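The structure presented is a predicted model; accordingly, all values stated were derived computationally and were not measured.
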Amino acid sequence: MAERSADANRQWSEVQLRKYTFTTKDIPRMSHSDPRVEALIDNEEPVVLTDTNLVYPALKWDLEYLQENIGDGDFSVYVAKTHKFLYYDEKKMVNFKNFKPKSRREEMKFSEFVEKLRKIDQSDNRYYLQQTLNDTVGKKIVMDFLGFNWNWINKQQTKRNWGQLTSNLLLVGMEGNVTPAHYDEQQNFFAQIKGYKRCILFPPDQFDCLYPYPVHHPCDRQSQVDFENPDYERFPNFRNVVGYETVVGPGDVLYIPMYWWHHIESLLNGGITITVNFWYKGAPTPKRIEYPLKSHQKVAIMRNIEKMLGEALGEPQEVGPLLNMMIKGRYD
């Protein structure tokens with residue numbers, strides 16, 4: 001765990017953080033006007049911005065306000081027996097017939113979700129709402145959304161030649177919920193609205209320490225390692241992993257660069273958490289490739305090789321044996 005300097009204004013304590021075996025360093029926290037911020041984002045390194053006012057109108061959001069104003073659309077709510085919500089791609093479940101997800105997705109109205117949270121003592125389920133904000137939301141939410149600091153975030157996008165904003169994902173979770181380590185193929189500004197979340201990031205060059213599932217597996221881009229009980233026999237390189245961590249609170253915005261692994265947890269006994277993600281497509285591949293390649297470019301190459309082999313072989317299960325046959329005793 002990172003050594004943290006004492007902060008008199010801090011609204012959380014170390015006992016609310018889960019314990020892990022690996023070491024971490026602090027992700028820098030800065031004002032968005034600090035000149036170092038531009039260099040960090042340009043270099044695709046994480047940083048917490050404390051004063052962007054990106055989601056300022058949403059800082060009043062709580063369950064009551066959302067229930068009144070979010071509209072009558074359906075929301076995707078994941079239900080699990082444990083605190084871990086491992087993402088899985090339902091479309092890829094045909095490739096792995098024996099795969100049994102640890103959570104299930106249910107569609108429900110926001111009011112049903114709130115009711116389930118109120119009755120949590122009578123249930124052994126845990127809930128996590130994850131829904132793209134769309135045109136079914138009510139007028140007040142639309143007004144709040146229009147009041148976000150689009151001026152600042154659009155400048156970030158334009159400056160770096162990122163692609164379009166693909167989605168704004170609303171996340172409403174119970175205290176203690178964990179999204180295990182995974183990476184995304186998009187740039188992300190992670191805006192915290194209510195409660196506190198601990199975010200542990202790992203750079204793309206730690207790919208070999210985190211052992212992602214195969215590309216054709218439903219849990220593609222997720223780490224196979226159980227952080228709370230790592231199996232060092234199966235995953236020996238996990239001993240070498242080093243994280244970068246921070247705790248974000250209301251008004252903080254964490255830049256999560258494309259291909260950076262991130263493990264996110266709502267603090268223990270910290271109440272409900274609300275977050276909105278701003279996901280952007282990355283900049284287009286430059287016409288002239290510069291060498292040596294960066295770590296995230298190598299991850300993209302590995303993904304493409306797995307995909308091409310899956311297509312060429314016509315059977316995803318054959319990709320692993322073929323790769324093993326290709327390298328065993330030849331490249332050691």
Side-chain angles (χ1 to χ4, degrees), residues 1-52 156 178-184 187-192 195-212 221-230 232 235-268 270 273 275 277 292 294-299:
M1 185 185 291
E3 289 298 314
R4 291 190 189 77
S5 52
D7 178 358
N9 299 320
R10 205 168 77 181
Q11 304 286 309
W12 54 272
S13 75
E14 301 280 342
V15 297
Q16 293 176 272
L17 308 180
R18 295 179 184 277
K19 303 285 183 279
Y20 302 115
T21 54
F22 51 85
T23 57
T24 60
K25 304 169 184 175
D26 276 340
I27 294 172
R29 289 177 62 85
M30 297 178 182
S31 162
H32 76 287
S33 57
D34 188 311
R36 292 171 296 175
V37 165
E38 294 303 314
L40 286 166
I41 299 177
D42 286 344
N43 292 335
E44 302 203 358
E45 291 178 41
V47 59
V48 179
L49 307 170
T50 56
D51 57 359
T52 61
Q156 300 303 315
V178 172
T179 303
H182 64 285
Y183 66 88
D184 297 309
Q187 306 284 4
N188 183 3
F189 283 112
F190 180 94
Q192 190 60 12
Y196 290 82
K197 279 185 171 174
R198 180 199 202 181
C199 308
I200 308 176
L201 275 59
F202 306 90
D205 64 9
Q206 295 197 29
F207 185 93
D208 66 331
C209 300
L210 288 157
Y211 300 90
R221 298 183 291 102
Q222 323 293 306
S223 172
Q224 296 178 76
V225 184
D226 178 352
F227 280 22
E228 289 167 50
N229 187 23
Y232 292 116
F235 310 120
N237 291 349
F238 188 69
R239 291 185 190 280
N240 306 325
V241 83
V242 178
Y244 293 78
E245 80 166 287
T246 189
V247 173
V248 289
D252 288 340
V253 175
L254 169 64
Y255 167 54
I256 303 177
M258 199 157 86
Y259 290 109
W260 273 66
W261 296 83
H262 42 292
H263 160 107
I264 313 284
E265 56 189 59
S266 297
L267 297 200
L268 296 162
T273 57
T275 312
N277 278 331
K294 292 181 174 154
S295 301
H296 74 268
Q297 292 171 305
K298 291 178 183 175
V299 173

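Heavy-atom minimum distance, Pro250 versus Gly195: CD-O, 3.5 Å. Between Glu228 and Pro230, the shortest heavy-atom distance links the atoms C-CD, 3.8 Å. Here the closest heavy-atom approach between residue Asp51 and residue Ser31 is recorded as OD2-OG, 2.8 Å. Heavy-atom minimum distance, Lys197 versus Ser266: CE-OG, 3.6 Å. Among all heavy-atom pairs drawn from Pro203 and Tyr244, the shortest one is CD-CE1, 3.8 Å. Here the shortest heavy-atom pairing between Leu40 and Pro28 reads CD1-CG, 4.0 Å.
For Glu38 (side chain) and Pro35 (main-chain N/O), no donor-acceptor pair under 3.5 Å exists by modelled atom type. Side chain of Tyr183 to backbone of Phe202: no donor-acceptor contact under 3.5 angstrom is found. Put simply, the side chain of His296 never gets that close to the backbone of Lys294: no donor and acceptor are under 3.5 Å apart. No donor-acceptor distance shorter than 3.5 angstrom exists from the side chain of Thr24 to the backbone of Glu245, with no hydrogens or angles considered. Judged by distance alone, with hydrogens and angles left aside, the side-chain atoms of Gln192 form no donor-acceptor pair with the main-chain N or O of Val248 at under 3.5 Å. Using a distance-only test at 3.5 Å, with no hydrogens or angles considered, no donor-acceptor pair links the side chain of Arg239 to the main chain of Cys209. Judged purely by atom type and a 3.5 angstrom limit, Asn43 has no side-chain atom pairing as donor or acceptor with the backbone of Glu45. Under the 3.5 Å distance criterion, the side-chain polar atoms of Asp34 are left unmatched by any main-chain donor or acceptor of Met30.
Atom-to-atom distance recorded for Gln11:CD and Leu267:CG is 11.5 Å, nearest 0.5 angstrom. Phe235 CZ to Asp226 CG: the interatomic distance, rounded to the nearest 0.5 Å, is 9.5 Å. Atom-to-atom distance recorded for Trp261:CH2 and Gln206:CD is 10.5 Å, nearest 0.5 angstrom. Taking NE2 of His182 as the start and CZ of Arg221 as the end, the distance is 6.5 Å to the nearest 0.5 Å.
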Go through the steps to decide whether Asp184 and His262 satisfy the test side chain to side chain donor-acceptor pair (under 3.5 Å), and finish with yes or no. CA-CA 9 Å; Asp184 297 309; His262 42 292; 3.0 Å; yes

Let me see the working for Thr50 and Val253 under side chain to side chain contact (heavy atoms under 4.5 Å, CB included), right down to the final yes or no. CA-CA 7 Å; Thr50 56; Val253 175; over 6 Å; no

Go through the steps to decide whether Glu44 and Gln187 satisfy the test side chain to side chain donor-acceptor pair (under 3.5 Å), and finish with yes or no. CA-CA 9 Å; Glu44 302 203 358; Gln187 306 284 4; 3.2 Å; yes

Begin from the C-alpha positions of Leu17 and Val247 and carry the test side chain to side chain contact (heavy atoms under 4.5 Å, CB included) through to its verdict. CA-CA 10 Å; Leu17 308 180; Val247 173; 4.2 Å; yes

Assess the residue pair Asp26 and Thr246 against the criterion (side chain to side chain contact (heavy atoms under 4.5 Å, CB included)); give the C-alpha distance rounded to whole Å, side-chain angles, the decisive distance to 0.1 Å, and a yes or no. CA-CA 6 Å; Asp26 276 340; Thr246 189; over 6 Å; no

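Electrostatic pairing of Arg29 and Asp252 counts as a salt bridge here, judged by a charged N lying under 4.0 Å from a carboxylate O.
In this structure, Tyr211 and Asn237 have side chains that are in contact, with non-hydrogen atoms separated by less than 4.5 Å. At least one side-chain heavy atom of Gln156 sits under 4.5 Å from a side-chain heavy atom of Phe189.
Between Phe238 and Phe227, the ring planes lie tilted relative to each other; the angle falls in the 30° to 60° range.
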